[in-house]
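To find a chain, count down the sequence lines: A is the first, B the second, and so on, and within it residues start at 1. Any value given below was found using the heavy atoms of this structure, including those in side chains, with hydrogens, waters and symmetry copies removed.
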Amino acid sequence: MKKHWLFKSEPETYGINHLQQNCTTWWSGVRNYQARNFMRDDMSIGDIVFFYHSNIKTPGIAGIARVSKMAEADLTQFDPKSEYYDPKATKDEPRWFCVEVAFVEKFKNFYSLEKIKNNPHLQKMRILQKGNRLSITPISKKEYQTIVQASGKTL
DNA sequence: GCCAACGTTGGC
DNA sequence: GCCAACGTTGGC
């Protein structure tokens, strides 16, 4: 059963344009247990990912990716030079995992946070809840359809 | 740049 | 196992 997700990223660090150029990327650097568990335990190949741009003037959903490989150990945790290095992680017992995602499309109409806030069907989304900082959150099928329809794509 | 909210750490 | 201190996130 295909699931739907929202991934946050700062576009200056890694935006949807980077993914478009690279075609695929391992979603490394997530250092939050809840987000890790979503990737490691709940995601399957083919799951739909909304690519959300955060920490900019107009935040919002820029487009769609999909999960292209199941979670594996995040290699940056083993690299002392990486900002994501985790000295407590070992290759036998990795702490951090990430899936690979593949570019699908950019929305014709960027779906801004403001639009999300103004859409009565999207009020339950995790990113609207006060204080929520989780960088990976599940999206319901209805929310998925609402956003896809409103952003210039035909199903 | 501010700051509220949150997750993690580490001393006890 | 508690909880104060700290660092980070991310909208504004």
Side-chain angles (χ1 to χ4, degrees), chain A residues 3-22 24-43 47-67 71-101 103-140 142-144 146-152:
Chain A
K3 300 196 194 70
H4 309 88
W5 308 92
L6 183 140
F7 284 24
K8 285 187 208 165
S9 188
E10 300 189 11
E12 286 185 16
T13 309
Y14 197 91
I16 196 158
N17 290 334
H18 296 100
L19 182 60
Q20 187 170 26
Q21 281 163 24
N22 299 152
T24 65
T25 191
W26 288 96
W27 203 256
S28 59
V30 172
R31 294 294 178 267
N32 170 285
Y33 289 104
Q34 227 182 320
R36 176 203 69 182
N37 292 346
F38 282 141
M39 287 199 281
R40 188 188 59 185
D41 305 334
D42 298 331
M43 287 185 197
D47 281 6
I48 298 295
V49 172
F50 285 128
F51 199 119
Y52 180 91
H53 284 174
S54 67
N55 237 332
I56 46 171
K57 270 186 211 133
T58 309
I61 301 169
I64 295 184
R66 69 183 157 74
V67 175
E72 292 181 16
D74 177 344
L75 296 178
T76 61
Q77 70 192 305
F78 307 126
D79 177 5
K81 292 198 189 87
S82 168
E83 60 175 315
Y84 301 117
Y85 178 60
D86 184 343
K88 290 181 183 159
T90 65
K91 300 227 169 173
D92 288 338
E93 280 188 68
R95 262 199 193 189
W96 306 110
F97 291 80
C98 56
V99 294
E100 188 197 66
V101 295
F103 177 79
V104 174
E105 66 167 16
K106 266 201 270 188
F107 282 157
K108 276 195 216 116
N109 309 316
F110 181 81
Y111 202 74
S112 66
L113 178 61
E114 196 184 357
K115 283 187 201 161
I116 295 173
K117 284 182 172 171
N118 289 331
N119 190 321
H121 298 111
L122 300 177
Q123 295 307 302
K124 289 195 177 146
M125 279 178 64
R126 291 278 289 269
I127 52 162
L128 294 189
Q129 309 315 313
K130 197 177 180 185
N132 179 59
R133 304 185 327 195
L134 204 53
S135 67
I136 293 178
T137 50
I139 298 286
S140 75
K142 281 207 168 154
E143 289 163 348
Y144 163 73
T146 301
I147 296 165
V148 159
Q149 281 169 12
S151 42

Do A:Arg31 and A:Thr76 have side-chain atoms, one donor and one acceptor, less than 3.5 Å apart?
yes
pair A:Phe7-A:Thr137: side-chain heavy atoms closer than 4.5 Å
no
Tell me whether the guanidinium CZ or amine NZ of A:Arg40 lies under 6.0 angstrom from the six-membered ring centre of A:Phe97 and within 45° of its axis.
yes
Take nucleotides 5-12 of chain C nucleotide by nucleotide from the 5' end and write B, S or -, depending on whether a protein heavy atom sits under 4.0 Å from the base, only from the sugar-phosphate, or from neither.
--BBBBBS
Considering non-hydrogen atoms only, spot the tightest contact between A:Leu19 and A:Ala65 and give its length.
CD2-CB, 3.8 Å
Nearest-nucleotide comparison on DNA chain B, the residue closer to the 5′ end among A:Lys130 and A:Arg95:
A:Lys130
Does either side chain, that of A:Trp96 or that of A:Asp86, offer a donor lying less than 3.5 Å from an acceptor on the other one?
yes
Closest-nucleotide ordering on DNA chain B, the 5'-leading residue of A:Asn32 and A:Lys88
A:Asn32
